[in-house]
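Only a predicted model underlies this, so the values are computations on that prediction, with no experimental measurement involved.
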Amino acid sequence: MNNFLFVSAENDAIPDCKAGGMGDVVRDVPRQISEHGDKVHVIVPSYGRLHQNGIFKTSLYFNLRGMGYAAELYEVKPKKEFPNIVHYVIHHPEIEAGDIAHIYHNDPEEPFYTDAIKYFIFCTAVAEAVKRNAFGDLDVIHLHDWHTSLLLFLREYHEEYTFLKETRFVYSIHNLAIQGIRPFGDNYSSIENWFPNVRYDIDELKDYRYTDCINLMAVGIRFADAVHTVSPSYKDDVLKPSSPPEFIGGESLELDLQKANEEGRLIGILNGCNYKNINQEEKGFIYRNTVKALFKWLQMEDKKYKADFLAHTGEKIMQYVGNRPKFIASSVARLTEQKFYFFMRSPEAFVEILKKLEKVDGIFMLLGTGAPEYEELFRQLSYEHKNFIFTNGQSESLIDSMYLESDLYFMPSLFEPCGISQMLSMRNGNPCLVHHTGGLKDTVTHMKTGFTFDGDTYDEKIKNMLAAFDVALDVYANDKEKWKKIQANAKRMRFTWKKSIDKYYELLYNLD
């Protein structure tokens with residue numbers, strides 16, 4: 001039996017530990033490894049809350065900032081039990097919950113300041129737990145995004161943890177644009193402050209643009225035994241330099257990624273999608289679930305400042321309870337530049353989409369939270385357009401209803417390492433309209449399983465996005481047979497984790 005350790009900032013296998021798609025992956029991959037007959041330990045930070053009902057396992061002692069630190073390891077209960085999977089959290093008072101999904105901190109003045117501190121502590125505690133044999137003899141340690149790459153720094157340079165070189169390390173890139181850049185020194189949240197006695201090579205760690213800083217995303221790429229992008233097309237994208245907004249590629253790290261590729265360490269494997277044990281809502285409850293979510297949020301202290309808007313949304317949705325619109329377009333996503341840059345830069349294009357929907361008695365439903373400027377944009381558009389329903393919060397039952405009952409799922413991502421939303425929508429037989437980029441290229445085929453748009457310039461992309469929306473509405477209204485065929489094709493697509501994990505074993509883990 002092979003023995004794995006997954007180290008991540010998110011894990012949706014346990015309650016309240018997800019901000020994005022990484023949480024889904026860290027939930028699903030261990031389950032497939034378990035079916036393979038192997039054992040997985042999954043560890044995340046406690047964020048001051050996830051340990052509270054856990055089982056205390058051990059205290060972990062280590063040095064940071066030239067002084068002794070003590071963290072605690074807890075085993076925690078998952079949402080669903082699977083054989084040979086054990087979930088853990090690391091608790092320390094300085095590993096605090098952030099303002100993004102109660103996980104990440106948003107530090108606009110000094111990006112990654114608070115998060116770097118908590119992940120420095122977390123990763124060192126994980127290294128100490130491995131040293132103490134808390135997870136048994138490990139065959140593979142699988143890291144996810146910059147939050148965990150410090151383990152590779154410790155493996156390379158920290159004399160207490162060089163034993164980690166005996167274990168294979170795999171590094172998955174979920175969001176290349178978020179790189180965890182921090183100063184080497186002269187800052188509380190710096191490598192020198194937290195690891196004053198560790199001697200390292202600045203040239204091996206530095207960011208190319210800010211040479212007085214460590215780039216923790218780059219550390220993962222430079223030092224892991226295998227580097228994984230979550231789709232084959234995204235692997236091709238990141239080998240080229242970015243030229244935003246027309247093309248998002250290697251985000252200044254393309255030279256590192258090219259080197260990893262030349263060394264045979266860079267592997268693109270498409271994420272899978274869950275097709276069993278699905279929590280499915282009943283059809284016909286999308287508006288009820290919207291109202292339920294709104295009432296729940298209205299009672300939450302941290303949503304009080306949105307109360308007027310939530311009430312406005314409730315009033316809008318009530319008109320559709322007994323009078324279903326003829327067409328529902330929808331999106332579910334974090335409100336960020338990656339997901340909605342086209343709408344932020346060209347709000348008139350989104351207004352044009354709403355006008356097109358109005359002509360066919362259609363509505364656009366958007367669910368999400370995120371960057372304040374994006375939330376404000378969509379709140380304003382909601383006040384101005386009666387057929388735009390913006391639910392500014394998170395609700396699993398409403399999300400499930402939206403995937404189930406939408407006619408067209410809209411995903412205009414500026415870039416997309418893989419994407420899970422389009423897979424979840426297709427699973428329900430709902431066609432998607434997507435930007436032809438990254439993992440969306442690998443999952444949606446124009447006029448066969450959905451609709452796509454692209455362009456050589458930004459203006460072309462916007463023009464083609466609106467044209468593709470026209471095509472989708474035209475097929476829906478005037479070619480029912482074609483629409484049904486696209487629906488059936490979408491529903492038949494199977495992006496299974498079994499296929500993906502077979503490739504993980506062969507290409508990432510080097511295990512038979």
| message | Going by side chain to side chain contact (heavy atoms under 4.5 Å, CB included), C418 matches just one of L440, N271, T229, D442. Which one? | response | N271
| said: Quick check: F56 with Y74 (ring centres under 6.0 Å apart)? | reply: yes
| Is the number of heavy atoms from other residues, nucleotides or ligands within 6.0 Å of CG (N133) greater than 12? | yes
| Residues which pass side-chain hydrogen bond (donor to acceptor under 3.5 Å, both in side chains) with T58, listed by chain and number, not counting sequence neighbours | R132
| message | One pair to check against salt bridge (charged side-chain N to carboxylate O under 4.0 Å, His left out): E96 and R49. What are the steps and the verdict? | response | CA-CA 9 Å; E96 300 174 327; R49 55 193 172 82; over 6 Å; no
| query | Are T449 and N489 close enough, and set up right, to give a side-chain hydrogen bond (donor to acceptor under 3.5 Å, both in side chains), and what steps lead you there? | reply | CA-CA 5 Å; T449 61; N489 289 343; over 6 Å; no
| message | As a quick check of understanding, evaluate ring-ring contact (aromatic ring centres under 6.0 Å, His included) for F4 and H142, giving each step before the final call. | response | CA-CA 7 Å; F4 295 81; H142 193 151; 8.4 Å; no
| said: Under the rule for side-chain hydrogen bond (donor to acceptor under 3.5 Å, both in side chains), what residues qualify as partners of K339, not counting sequence neighbours? | reply: E416
| request: Determine, using ring centers only, whether F223 and F153 are less than 6.0 Å apart. | output: no
| request: Take atom NE2 of H105 as the centre, draw a 6.0 Å sphere, and report whether it contains more than 12 heavy atoms from other residues, nucleotides or ligands. | output: yes
| request: State whether the number of non-hydrogen atoms from other residues, nucleotides or ligands found under 6.0 Å of E159 atom CD is greater than 12. | output: no
| request: Check whether more than 12 heavy atoms from other residues, nucleotides or ligands sit under 6.0 Å from atom NZ of K296, and answer yes or no. | output: no
| field | Sub-6.0 Å ring centroid separation between W146 and F112 | value | yes
| field | Candidate list L433, V444, T437, V434, test side chain to side chain contact (heavy atoms under 4.5 Å, CB included), partner M411, passing option | value | V434
| query | Quick one: are the ring centres of F453 and H435 less than 6.0 Å apart? | reply | yes
| So does K498 have more than 12 non-hydrogen atoms from other groups sitting under 6.0 Å from NZ? | no
| task | Would you check, one step at a time, whether the test salt bridge (charged side-chain N to carboxylate O under 4.0 Å, His left out) holds for E35 with R31? | result | CA-CA 6 Å; E35 288 194 16; R31 292 177 180 181; over 6 Å; no
| message | Between the side chains of D502 and K499, is the shortest nitrogen-to-carboxylate-oxygen separation below 4.0 Å, so that they form an ion pair? | response | no
| Does the distance from a Lys or Arg side-chain N to an Asp or Glu carboxylate O, for R182 and D207, drop under 4.0 Å? | no
| said: Please determine whether a side-chain nitrogen of the Lys or Arg among R222 and D256 lies less than 4.0 Å from a carboxylate oxygen of the Asp or Glu. | reply: yes
| Ring-ring centroid check Y157 F195, cutoff 6.0 Å | no
| request: Return yes when atom NZ of K259 has more than 12 non-hydrogen atoms of other residues, nucleotides or ligands closer than 6.0 Å, and no otherwise. | output: no
| said: Applying side-chain hydrogen bond (donor to acceptor under 3.5 Å, both in side chains), can you list everything that pairs with N193, at least two apart in sequence or on another chain? | reply: none
| Lys/Arg N to Asp/Glu carboxylate O, D236 vs K441, below 4.0 Å | no
| message | When you compare the side chain of V76 with that of H51, does any pair of heavy atoms fall below 4.5 Å? | response | no
| Between Y47 and H102, does the ring centroid distance fall short of 6.0 Å? | no
| Is E156 atom CD crowded by more than 12 heavy atoms from other residues, nucleotides or ligands, each under 6.0 Å away? | yes
| field | Salt bridge E10-K18, side-chain N to carboxylate O under 4.0 Å | value | no
| request: Could you tell me if the ring centre of H144 sits under 6.0 Å from that of Y171? | output: no
